[in-house]
Amino acid sequence: MEKATISEVARHEGKEVTLNGWLYNKRSSGKLWFLLIRDGTGIIQGVASKEDVSESTFQHCMDVTQESSLSVTGIIAEDKRAPGGYELQVKELRILQLVEDYPITPKEHGTAFLMDHRHLWLRSSRQVAILRIRQEIIRACRDFFDQNGFVLVDAPIFTPAACEGTTTLFETDYFGSQAYLTQSGQLYMEAAAMALGKVYCFGPTFRAEKSKTRRHLTEFWMLEPEVAFMDLDGDMELAENFIAYIVQRILQNRSEELKQLERDTASLEKIGTPFPRLTYDEAVQILKKKGINFEYGNDFGGTDETVISEGFQKPVMIHRYPAAVKAFYMKNDPEDLSKALCVDVLAPEGVGEIIGGGQREDDYDTLVEKIKKHQLPLKAFQWYLDLRRYGTVPHAGFGLGIERTVSWICGLPHVRETIPFPRMMHRLTP
RNA sequence: UCCGGCGUAGCUCAAUUGGCAGAGCGGGUGGCUGUUAACCACUAGGUUGUAGGUUCAAGUCCUACCGCCGGAGCCA
């Protein structure tokens, strides 16, 4: 007897196969049962009529409950009445475990309840589609950099000090002294770029901010490239090529999942290079024109970002923010020292910032001054300053937030469904 | 931390002016040979978040607390 997965049943048409999986749902019409079976690769309808199966198998069809694990044997047949176009004409049904009272029923539930049962919620077809898209996005990220001469360099998770003084860090005891969970691998990537030229890291990032919004997680995944001998223009070019590549890959390889999520793919198909580029000053002008009350010199808030990106169908790159609102390692614009050579990429459709990056300060004396100005401990940054002591070069990079990217591409309003087990201010379980 | 909202059956929600706590789903029993979150009949299921207060009477009004939601700030 041949084993098969639901994703490739078309290949087995007319043949007898065995499927291993779980019961997704079932319906009956007296002496005829319809079993929706899922196996992780898809869902297929099994049909069992009393005339064609043994008494015990028909009894099993009656008894089997939602999410019971099972092994079912039958013939694959094309049938227009079946969801998916193929169905399994059941010959034998074996129940591996009969489930009692599966908590998630085929009706509506609130997100709090579903999040409490996240370990089971993952089995629902919508969550399966999101996780498959997430995996393809991550694979596209890796492929893009691997194919363009970048070297993957892993950054540490434990760090001795803040990369950016502003954000709150998760503190942990490290053999009696303080250590923090990383909030960015960037500083380490700068070191790696001086060793290997073009590098990137991909790993979890931790922010202890008490943010309770649909865009925030306390633990999220970030992809951070860093390139030696690259300036801000090169950085922006890299960012737009990168994002366009990811979107193309998802449209190519995950169209079924996008369809299942009812994602409007027409807006994704428009995401080609080049992306619109605005200076901070130009972006402020847009806000002023739309009558938004905004004080020049501040960073943009969430609603400001939405208003700016509303006017475009592609991601918008905003560059040269006031240096005062940006991190210490940003290089100042030599043509206007009050500005930083930085760029934020705002995704369309109100998702907000998915990339933040820029050109790094490469001058030793200037960097020392900036560390002092931001009141950061100079001692902790000696190794970082070494990169400017020994063969300093212009370099740039950025960080892409994976969950915000997934939420944009999937068209999800909240990032909590874009990661298997989200960590938020009020969510540490399951 | 601040602002706003919500806590009623396992789940999603009703309950008029303060006046007998209810429905759908899920569970159980029975029926139905092409169902599409199937349907039909019957059935079990409740300390209305917690503590106090007002009242003849509180799910409903008042006070405090707890929990959650998402917006601000901050950020990807």
Side-chain angles (χ1 to χ4, degrees), chain A residues 24-36 43 45-53 58 61-63 65-67 77 79-85 87 89 99-117 121 124-126 163-169 183-186 204-224 239 298-306 325-327 344-347 351-357 398-408 413-416 418-419 424-427:
Chain A
Y24 196 67
N25 198 4
K26 67 173 184 178
R27 293 181 276 271
S28 158
S29 187
K31 296 184 177 62
L32 189 62
W33 279 94
F34 299 95
L35 308 175
L36 285 178
I43 293 180
Q45 170 172 286
V47 187
S49 88
K50 189 159 190 176
E51 285 177 3
D52 301 337
V53 299
F58 194 75
C61 288
M62 285 198 277
D63 292 342
T65 50
Q66 197 188 348
E67 287 306 319
D79 194 309
K80 279 177 186 163
R81 293 169 294 186
E87 65 183 19
Q89 293 167 346
V99 164
E100 275 181 56
D101 297 329
Y102 185 70
I104 302 178
T105 63
K107 281 281 179 181
E108 290 168 20
H109 298 282
T111 45
F113 175 83
L114 290 169
M115 275 300 170
D116 285 340
H117 297 85
W121 188 19
S124 73
S125 53
R126 198 179 153 78
C163 300
E164 314 170 19
T166 52
T167 11
T168 317
L169 294 160
Q183 61 181 182
S184 166
Q186 182 204 314
T205 304
F206 308 89
R207 304 273 166 96
E209 282 293 331
K210 293 185 174 178
S211 300
K212 292 184 288 181
T213 81
R214 58 195 170 81
R215 300 185 305 277
H216 285 89
L217 298 166
T218 53
E219 178 184 314
F220 64 97
W221 287 69
M222 191 154 64
L223 195 137
E224 296 173 280
N298 286 353
D299 206 344
F300 299 121
T303 39
D304 301 324
E305 289 179 350
T306 305
V325 298
K326 288 291 175 183
D344 282 358
V345 180
L346 308 183
V351 171
E353 186 179 348
I354 55 170
I355 278 184
F398 60 79
L400 171 99
I402 290 293
E403 286 74 19
R404 286 187 185 176
T405 305
V406 175
S407 101
W408 166 46
H414 201 300
V415 290
R416 68 186 151 208
T418 65
I419 186 166
M424 295 173 289
M425 198 180 151
H426 294 291
R427 173 67 57 189

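The structure presented is a predicted model; accordingly, all values stated were derived computationally and were not measured. No hydrogens, no waters, no symmetry mates; every other heavy atom, side chains included, goes into these values. Numbers restart at 1 for each chain; the letters A, B, ... are given by sequence-line order, proteins then strands.
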Exercise for review: Using a heavy-atom cut-off of under 4.0 Å over every strand shown, decide if A:R404 touches base, sugar-phosphate, or nothing.
Suggested key: base

Study note, to complete from the structure: Picking from B:rG34, B:rG70, B:rC32, the nucleotide nearest the side-chain atoms of A:T213 would be B:rG70

Check your understanding: Does the B:rC69 base have a donor-acceptor partner in the side chain of A:T111 within less than 3.5 Å?
Key -> no

Point to revise | Any donor-acceptor N/O pair, A:D304 side chain to A:G301 backbone, under 3.5 Å | key: yes

Check your understanding: Can you list the stems that RNA chain B is part of, where a stem is at least 3 pairs in a row, each Watson-Crick or G-U, with both distances below 3.5 Å?
Key -> B:1-7 with B:66-72, B:10-13 with B:22-25, B:27-31 with B:39-43, B:49-53 with B:61-65

Practice item. Would you kindly give the CZ-to-P distance between A:F113 and B:rG10, to the nearest whole Å? Key: 11 Å

Review point. Looking across every strand, which nucleic acid part, if any, lies under 4.0 Å from A:G110 by heavy atom: base, sugar-phosphate, or nothing?
Key: sugar-phosphate

Review point. Under a 4.0 Å N-O cut-off, is there an ion pair linking A:K31 with A:D52?
Key: no

Check your understanding: Ignoring hydrogens and angles, does a donor from either the side chain of A:Q66 or the base of B:rG27 sit under 3.5 Å from an acceptor on the other?
Key -> no

**Study point:** Donor-acceptor pair present, A:S211 side chain and B:rC75 base, under 3.5 Å
**Key:** no

Review point. Looking at B:rC75, B:rG71, B:rU35, which one has an atom nearest to any side-chain atom of A:R214?
Key: B:rG71

Revision key, fill the gap. Of the listed B:rC74, B:rU35, B:rG26, the closest approach to the A:R215 side chain comes from B:rC74

Point to revise | Intermediate values then yes/no, side chain to side chain contact (heavy atoms under 4.5 Å, CB included), A:R207 and A:T218 | key: CA-CA 5 Å; A:R207 304 273 166 96; A:T218 53; 5.9 Å; no

Practice item. Choose from B:rG34, B:rA76, B:rU33 the nucleotide whose nearest atom is closest to any side-chain atom of A:D79. Key: B:rG34

Review point. What nucleic acid atoms does A:E219 come within less than 4.0 Å of, heavy atoms only: base, sugar-phosphate, or nothing?
Key: nothing

Point to revise | Listed nucleotide nearest any side-chain atom of A:T105, set B:rU35, B:rC25, B:rA76 | key: B:rC25

Exercise for review: Determine the contact category for A:H216: base if any of its heavy atoms lies under 4.0 Å from a base atom, sugar-phosphate if only primed atoms, P, OP1 or OP2 are that close, otherwise nothing.
Suggested key: base

Review point. Where the side chain of A:E87 is defined as all heavy atoms beyond and including C-beta, which of B:rG34, B:rU35, B:rA72 is the nearest nucleotide?
Key: B:rG34

Exercise for review: Examine the base of B:rC69 for any acceptor or donor lying under 3.5 Å from a partner atom in the side chain of A:R416, and report the outcome as yes or no.
Suggested key: no

Revision key, fill the gap. Looking only at B:rG34, B:rC75, B:rG27, the nucleotide nearest the A:D101 side chain is B:rG27

Revision key, fill the gap. Taking B:rG34, B:rU33, B:rC68 as options, the one with an atom nearest any side-chain atom of A:A112 is B:rC68

Check your understanding: Does the side chain to side chain donor-acceptor pair (under 3.5 Å) test come out yes or no for A:Q66 and A:T105, once each step is laid out?
Key -> CA-CA 8 Å; A:Q66 197 188 348; A:T105 63; over 6 Å; no

Review point. What does A:R427 touch in the nucleic acid at a heavy-atom separation under 4.0 angstrom: a base, only the sugar-phosphate, or nothing?
Key: nothing

Check your understanding: Quantified in whole Å, what is the C1' atom distance between nucleotide B:rG7 and nucleotide B:rC13?
Key -> 13 Å

Review point. Quick one: which of B:rG70, B:rG34, B:rU33 gets closest to the side chain of A:E51?
Key: B:rU33

Exercise for review: Identify whether any heavy atom of A:L217 sits under 4.0 Å from a base atom; if not, whether one sits that close to sugar-phosphate; answer base, sugar-phosphate or nothing.
Suggested key: base

Check your understanding: Is there a donor and acceptor pair closer than 3.5 Å between the side chain of A:H109 and the base of B:rC11?
Key -> no

Check your understanding: Which is true for A:E100 with a 4.0 Å heavy-atom rule: it touches a base, it touches only sugar-phosphate, or it touches nothing?
Key -> nothing

Review point. If the C1' atom of B:rC20 is compared with that of B:rC62, how far apart are they to the nearest Å?
Key: 26 Å

Practice item. Determine the contact category for A:K210: base if any of its heavy atoms lies under 4.0 Å from a base atom, sugar-phosphate if only primed atoms, P, OP1 or OP2 are that close, otherwise nothing. Key: base

Practice item. Describe the nucleic acid contact of A:T205 in one word from base, sugar-phosphate, nothing, applying a heavy-atom distance below 4.0 Å. Key: nothing

